[in-house]
Amino acid sequence: MTPAPAHSDPVRLSGPLLQDDPARVYREMRREHGSVVPVLLDGDAPAWLVLGYRELHQVTGDPVLFSRDSELWNQWDDIPDDWPLLPMIGRKQPSILYTVGERHRERAAMLGNALEAVDPYELRGYAEKFADELIDGIAPQGTADIVGQFAMLLPVRVLARLFGFSDEEGPDLVTALNDMVDGRERALAGQTHLFTSMTRLVADRKEQPAEDVASRMLADTSGFTEEEIVQDLMVMLAAGHQPTADWIGNSLHLMLTDSRFAASLFGGRNSIAEAMNEVLWEDTPSQLVAARWASRDTQLGGRRVRAGDMLLLGLQGANSDPQVRIDGSALTGGNGAHFSFGHGEHRCPFPAQEIAEVIARTGIEVILDRLPDIDLAVPAARLTRRPSPWLRGLSELPVTFTPTPALGGALS
């Protein structure tokens, strides 16, 4: 076990540098503190940030020692009711995120079955039709913000349709989700809107089942309550929308700005898959994930971790661990050993991962098919990121292209 550096002043998880250049921040953290870094969250709440690939594998692979049960946290007495990170780090929330043991495995099976039943042809059809509809709105203009006018709208529209929502409810769900995951002053209001919407959907589907994810979860015989189903639908929508939107934006950003992908815009659809996989290593949408809690005193990366301490999962930090990525400039060649979908029994369910990949890849394909000469409208250095340490995505991606007519055609 490598001893931790003597310098142990905690790092505050905020500031423009973490937003603009997280790779540099993680390098400096690793140099100053090692693979397990003492950090401070909003309100000076202490935690450990796990940046080492091997250490993160250890934490996510041992759900007993490093539990998902947030009730173990030894800081709850000092956390106010209006703490802005409560939507991300909750207490007594009956969702799959905080369920452990056999009950978690049963719950994961319910979610997996509900998602696995999604027809792949229907999924791709929804993604294509919604993407075409969004492109119709910008194609005649010759300029657009691909993040705000496309990427931020596509995933939630597809997921809302799969879950059972009406298309009209999509825009408000987008706003609520963004407020919640950014962890700022509107985080609790966003969580409230999402909870109210999900509660109404579950009540409607209990009275009138349909061919959708919510109805399949209600029909499961494992004995989960409506409240538990509401919570799990909230988790799936939040986990499925924003990271997928950022996956689209970050992949297009890479293809438009990185010389290694200079030919990708014209290199066929395999190039899209290569760029998307590279993003999962170098610029993953889910940078930090909260959290795990130590069930007893232990050692990790040379650090003494106390029972009840919180550990944040530094997915991007682990992906860029120099002990794993010796040559960070080399393309990964399709290597899927990144942490972008997590690891262990609490990782993203495989059917959910497939759904996100279909939505993101289809969206990018439609953009490049419809707008083949797309290019950045501003210098790459002027692009900015949203102010969130948890998710990494562009605030906007302004582009230019040759105006083309809208295709038209209503979605059935």
Side-chain angles (χ1 to χ4, degrees), residues 18-19 22 84-90 95-97 115 127 130-131 134 145-163 165 169-184 186-195 197-198 213 231-253 276 279-280 283-291 312-313 315-316 339-342 347-349 352-364 384-397:
L18 185 60
Q19 171 188 340
L85 294 184
L86 281 177
M88 302 290 293
I89 305 169
S95 80
I96 190 172
L97 291 180
L115 295 174
F130 281 126
L134 292 171
D145 168 20
I146 287 296
V147 167
Q149 294 176 268
F150 185 87
M152 288 293 295
L153 302 177
L154 180 63
V156 73
R157 292 186 71 175
V158 178
L159 292 171
R161 172 65 73 91
L162 296 177
F163 284 15
F165 284 108
E169 293 174 280
D172 287 343
L173 289 172
V174 169
T175 301
L177 284 169
N178 292 341
D179 288 342
M180 189 175 76
V181 300
D182 280 346
R184 297 185 179 273
R186 289 200 50 79
L188 295 176
Q191 184 185 38
T192 298
H193 178 86
L194 187 59
F195 176 77
S197 300
M198 284 299 180
V213 171
Q231 292 287 340
D232 287 353
L233 284 167
M234 289 175 62
V235 168
M236 287 196 296
L237 189 60
H241 165 64
Q242 189 64 65
T244 307
D246 289 336
W247 198 4
I248 295 171
N250 293 357
S251 297
L252 283 167
H253 172 257
M276 289 174 62
V279 161
L280 294 180
D283 196 24
T284 186
S286 298
Q287 298 272 305
L288 303 179
V289 171
L312 303 175
L313 311 184
L315 305 188
Q316 183 59 59
F339 273 103
S340 294
F341 293 108
R347 67 162 289 147
C348 176
Q353 178 181 330
E354 286 187 315
I355 289 171
E357 185 172 355
V358 169
I359 294 172
R361 180 167 177 169
T362 302
I364 296 171
T384 60
R385 301 283 180 161
R386 287 195 325 276
S388 171
W390 309 98
L391 295 171
R392 180 162 170 80
L394 290 161
S395 300
E396 59 179 4
L397 184 62

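These numbers were taken from a predicted model, which means no experiment stands behind them. Each residue takes its place number in the sequence, starting with 1.
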Is there a side chain to side chain contact (heavy atoms under 4.5 Å, CB included) between Val156 and Leu237 once you walk through the steps? CA-CA 7 Å; Val156 73; Leu237 189 60; 4.2 Å; yes
Could you give the distance from CD1 (Ile248) to CE (Met276), rounded to the nearest 0.5 Å? 8.0 Å
Minimum heavy-atom separation for Leu154 to Gly363, with atom names? CD2-CA, 3.7 Å
May I ask you to test the Thr284-Asn250 pair for a side-chain heavy-atom distance under 4.5 Å? no
CZ (Phe165) and CG (Asp172) are apart, to the nearest 0.5 Å, by 11.0 Å
So do the side chains of Ser395 and Thr384 get within less than 4.5 Å of each other, counting heavy atoms only? yes
Pro22 and side chain to side chain contact (heavy atoms under 4.5 Å, CB included): which partner among Gln287, Arg385, Gln316? Gln287
Salt bridge present between Arg392 and Asp246 (N-O < 4.0 angstrom): no
Worked check of side chain to side chain contact (heavy atoms under 4.5 Å, CB included) between Met236 and Val213: CA-CA 10 Å; Met236 287 196 296; Val213 171; 3.9 Å; yes
Leu397 to Asp145 - nearest heavy-atom pair and separation: N-OD1, 2.7 Å
Kindly give the heavy-atom pair with the smallest separation between Leu115 and Ala352, and that separation in Å. CD1-CB, 3.7 Å
Contact between Met198 and Gln231 at the side-chain level, heavy atoms closer than 4.5 Å - yes or no? no
Provide the closest heavy-atom pair for Ala291 versus Leu312 in the form atom of the first, atom of the second, distance. CB-CD2, 4.0 Å
Would you say the side chain of Leu391 lies within less than 4.5 Å of the side chain of Leu288, judging by non-hydrogen atoms? no
List in chain and number order the residues that pass side-chain contact (heavy atoms from CB on, under 4.5 Å) with Ala245, two or more places apart in sequence or in another chain; answer none if no residue qualifies. Met152, Pro155, His241, Gln242
Interatomic distance, CG@Leu159 vs CZ@Phe130, rounded to 0.5 Å, equals 10.5 Å
What I'd like to find out is whether the side chain of Leu252 reaches to under 4.5 Å of the side chain of Ile146, using heavy atoms alone. yes
Any heavy-atom pair between the side chains of Phe341 and Glu357 that's under 4.5 Å? no
Those residues at least two apart in sequence (or on a different chain) that pass side chain to side chain donor-acceptor pair (under 3.5 Å) with Thr244 are none
Contact check, side chains of Leu173 and Ser197, non-hydrogen atoms, under 4.5 Å: yes
Shortest non-hydrogen separation from Pro243 to Ala238 and the atoms involved: CD-O, 3.5 Å
If you draw a 6.0 Å radius around CD in Gln353, do more than 12 non-hydrogen atoms from other residues or ligands fall strictly inside? yes
Can you confirm whether Trp247 sits close enough to Leu280 that some side-chain heavy atom of one is under 4.5 Å from a side-chain heavy atom of the other? yes
Provide the closest heavy-atom pair for Ala290 versus Ile89 in the form atom of the first, atom of the second, distance. CB-CG1, 3.5 Å
Would you compute the distance between atom CD1 of Ile364 and atom CZ of Arg361 and round it to the nearest 0.5 angstrom? 9.0 Å
Set of residues satisfying side chain to side chain donor-acceptor pair (under 3.5 Å) with respect to Thr175, sequence neighbours excluded: none
